[in-house]
Amino acid sequence: MDHDKKKPETLAAQGLGWIDEHTKAVAPPLHASSTFLRDPDNQYRSGRSYARTDNPAFDQPEQLLAALEKGEAAMLFASGMAAATSVFQALRPGDHVVAPTVMYWSFRHWLRDFADRWGLGVDFVDMTDLGAVKGALRPGKTALVWVETPANPLWHIFDIDAIGRLAHGAGARMVVDSTVATPVFTQPLALGADIVMHSATKYLNGHSDLLAGALVTRQKDEAWARIAAVRTQQGGILGSFESWLLLRGMRTLFPRVRAAAANAQYLAEALVKHPRVGQVLYPGLPDSPGHAVAARQMAGGFGAMLSIRVKGGEAAAIATAARVQIWKRATSLGGVESLLEQRASVEGPDTPCPPDLLRLSVGIEDKSDLLADLDQALSS
Ligand SMILES: *Cc1c(COP(=O)(O)O)cnc(C)c1O
């Protein structure tokens, strides 16, 4: 039975079902070698010479992720940022790119700075407004449209299919940061993306114990080869142990992410009714502005990230965060443990994030424990 016929849950749980040829081990060996033996006639028939180009430790997690995203190939990177920045470093000075105003803030920050020094034209637009996306595209000049959905930290939903049509119509490629949606809920390549990006630090690994990034491509084309060259030459590659840990984390991706998203839906529905909560930002709420598009492009859940706006402003939000006991006050997301943070202070002065906003990364703990802790923290 080939991989195409197996369900993604089966592929993930079994790490593609590989068994080590030599030892029959069910869990993969940890490959630590930086270099590989040449044949006596000076060839490298194994296809490997040095681990900055490619490392056997990447094979299984890359192939599993490519299978889950239904892409032709995947590449691991040292972090989500290393993956995302490589896409832009493979562009040419003078190229034009379009990105959303609401997106992972450190990447927006990097992009603005890098665009300036690299001579890229960049337009940040409200991608919930397709007219704005269309207006920003410069046919023949726009090389790339960057989409992140659901988008940090307001969980705006961008219509991958519609934006992809506009991008392709203008001769641009579309890359989707699908860190929050995960392959469990969204398949951006099937919706028209050329490349999917993940901060594998988050849900793919799921245990808050490594940094990693990944790209998956629909086609192994020239643009993909340029990104691969950036990875090899700049050396932003993942370590062997992290690759091994990432595969281990990915084996439980589906049950983890589904449990966390079910908790998030429960909390969102309960928190809308809370007297100290001004607003709940979560695409799973039927009256959320992104709900209709999310219901179309996310299958089986709306993710496990939500934000709440605390009545009483910034001070009340910070005081609420100070009182949590089960939730942990920390940045990042996608682990099995629930985290929250007052987000605006992380993002700095140019953030679209209101100061009364707490960002919640919902884990897989008992949902009533999570709600009771938030309730006491909001109410004291
Ligand atoms: C964390 C994150 C990144 C950056 O990934 P790192 O692994 O921290 O470098 C990019 N995009 C999103 C949506 C993220 O949550």
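Counting starts at 1 for both ligands and their atoms, in listed order.
- Residues Glu341 and Ser332 come closest through the heavy atom pair OE2-N, 4.5 Å.
- Salt bridge absent: Asp95 and Lys141 never bring a charged side-chain N and a carboxylate O closer than 4.0 Å.
- Regarding atom 7 (O) of ligand 1, its nearest protein heavy-atom neighbour is Thr201 OG1, 2.6 Å.
- Residues Glu365 and Ser338 have side chains that bring a donor and an acceptor to within less than 3.5 angstrom of each other.
- Below 3.5 Å of separation, one finds no N or O of Leu211 facing any N or O of ligand 1.
- For Arg165, the CZ atom sits in a loose shell: 12 or fewer heavy atoms of surrounding residues, nucleotides or ligands are nearer than 6.0 Å.
- Taking every non-hydrogen atom of Leu333 and a distance limit under 4.0 Å, the qualifying atoms of ligand 1 come out as 15 (O).
- Looking at His109 and Asp350, their side chains never bring a donor and an acceptor atom within 3.5 Å of each other.
- You'll find the ring centres of Phe302 and His291 inside the 6.0 Å limit.
- Residue Gly80 has at least one heavy-atom neighbour below 4.0 Å for each of these atoms of ligand 1: 5 (O), 6 (P), 7 (O), 9 (O).
- At the shortest separation from atom 14 (C) of ligand 1 among protein heavy atoms lies Lys202 NZ, 3.0 Å.
- Checking each of Leu215, Val230, Val97 against Val87 for a side chain to side chain contact (heavy atoms under 4.5 Å, CB included) leaves exactly one that passes, namely Leu215.
- Between Asp177, Thr179, Val180, Asn152, it is Asp177 that holds the heavy atom closest to atom 11 (N) of ligand 1.
- Annotation: atom 5 (O) of ligand 1 to nearest protein heavy atom, Ser199 OG, 3.0 Å.
- Surrounding CZ of Arg248 are at most 12 heavy atoms belonging to other residues, nucleotides or ligands under 6.0 Å away.
- Residue Glu148 approaches ligand 1 through these ligand atoms, each under 4.0 Å from one of its heavy atoms: 13 (C).
- Looking at atom 4 (C) of ligand 1, its nearest protein heavy atom turns out to be Tyr104 CE2, 3.4 Å.
- Of the protein's non-hydrogen atoms, Met81 N, 2.8 Å is the one closest to atom 9 (O) of ligand 1.
- At a heavy-atom cutoff of 4.0 Å, ligand 1 is contacted by the backbone of Ala212 but not by its side chain.
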